[in-house]
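Notes follow the structure.
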Number of protein chains: 2
Amino acid sequence: MPEGNQVHLIKAAFLKVLAHPLRLRILELLGQKEQSVGQFAQMLSVDQPTVSRHLGILKQGGLVTTRQDGASVIYRLQNEETVQLLQQLTELLKRKLQVDQELLKSVEES
Amino acid sequence: MPEGNQVHLIKAAFLKVLAHPLRLRILELLGQKEQSVGQFAQMLSVDQPTVSRHLGILKQGGLVTTRQDGASVIYRLQNEETVQLLQQLTELLKRKLQVDQELLKSVEES
DNA sequence: CTCCTATATTCGCATATTAGCATATAACGA
DNA sequence: TCGTTATATGCTAATATGCGAATATAGGAG
């Protein structure tokens with residue numbers, strides 16, 4: 001692990017990779033099973049070049065690996081850790097949004 | 001919790017708030033103790049308007065709250081959960097980078 | 001080799017993010 | 001009130017990110 005402020009650059013870069021709705025959707029699907037580019041494009045209703053580009057970003061970020069299967073390229077998770085982190089993020093937001101809603105209610109009631 | 005693809009928008013927005021080196025540094029400091037804008041600016045060697053802007057982004061993202069103290073504004077964490085999540089991210093990256101280094105070595109040796 | 005399918009890349013354009021400077025606003029003390 | 005300190009906001013230029021359309025590349029079948 002590099003030291004000093006470099007760490008924050010690395011962390012920020014990693015978070016940046018995650019911070020896109022489509023990439024989150026892709027990772028969610030990848031948590032269930034590996035898939036080809038075309039399959040993602042179809043399941044997500046997004047055009048092929050866009051999916052390819054985002055998969056490329058995930059790959060460059062070290063989140064996924066690829067395997068050639070005929071003319072197709074199969075993408076899979078490099079490991080499960082990132083998905084676990086995202087699940088914890090989900091829980092965090094679930095709680096946070098609940099709190100926000102309660103705050104909103106208490107404001108309305110007053 | 002909103003449903004469907006909205007969730008990914010919310011998650012991405014939250015991650016986007018985190019995905020900046022300076023904001024990560026600020027959160028790290030905030031994990032230790034609350035502070036004023038000027039104190040952050042000094043500790044981080046960043047000019048005041050920049051710090052103020054990033055603190056504003058954190059506030060709007062629901063990560064921090066503010067309290068007036070004389071002419072100063074004290075920023076503090078809204079809760080500890082986000083910092084915990086970031087610590088898990090740290091662990092994740094620590095392992096990931098270790099693996100990468102080993103991969104690099106094994107490539108060099110072959 | 002040729003065609004077809006699957007994937008990746010490039011380009012152009014619109015939008016978003018950021019830092020730095022100047023300036024506005026707010027709180028306080030004399 | 002006036003001056004000082006602390007914070008926030010407008011503005012601009014530079015950079016980054018995003019998408020869609022067209023194009024390039026790679027693999028397999030015949």
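So that the names make sense, note that chain A is the first sequence line, chain B the second, and so on, each numbered from 1. Since this is a predicted model, take the numbers as computed values, not measurements. Only this structure's heavy atoms are used, side chains among them; waters, hydrogens and symmetry mates stay out.
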Pair B/Thr50-B/Asp47, side-chain hydrogen bond (donor to acceptor under 3.5 Å, both in side chains): steps then yes or no
CA-CA 6 Å; B/Thr50 298; B/Asp47 60 301; 3.0 Å; yes

One pair to check against side-chain hydrogen bond (donor to acceptor under 3.5 Å, both in side chains): B/Thr90 and A/Lys11. What are the steps and the verdict?
CA-CA 8 Å; B/Thr90 304; A/Lys11 281 191 207 176; 2.8 Å; yes

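Here C/dT7 presents its P atom at 13 Å from CD1 of A/Ile26, a figure rounded to the nearest Å.
At least one side-chain nitrogen or oxygen of A/Ser36 sits closer than 4.0 Å to the OP1 or OP2 atom of C/dT7.
Between A/Arg67 and A/Glu34, at least one side-chain nitrogen of the basic residue sits less than 4.0 Å from a carboxylate oxygen of the acidic one, meeting the salt-bridge criterion. The pair A/Arg25-A/Glu28 does not meet the salt-bridge criterion, since no charged nitrogen lies less than 4.0 angstrom from a carboxylate oxygen.
Closest approach of B/Val51 and B/Ala41 over heavy atoms only: CG2-CA, 3.7 Å.
Side chains of B/Leu92 and B/Lys96 form a contact here, defined as non-hydrogen atoms less than 4.5 Å apart.
Under the 3.5 Å distance criterion, the side-chain polar atoms of A/Arg23 are matched with a main-chain donor or acceptor of A/Val17.
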In 5'-to-3' order, the base (B), backbone-only (S) or no-contact (-) status of each nucleotide in nucleotides 18-30 of chain C, using a 4.0 angstrom heavy-atom cut-off, is SSBBB----SS--

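For residues 9-44 of chain A, every residue pair satisfying the ring pair (Phe, Tyr, Trp, His ring centres under 6.0 Å) rule, not counting sequence neighbours, is listed here: A/His20-A/His54.
A/Phe40 comes within contact range of no nucleotide atom at all, as no heavy-atom separation falls under 4.0 Å.
In summary, contact between chain A and DNA chain D, defined as any nucleotide atom under 4.0 Å from a heavy atom of the protein, begins and ends at D/dT17 to D/dG28 in the 5' to 3' direction.
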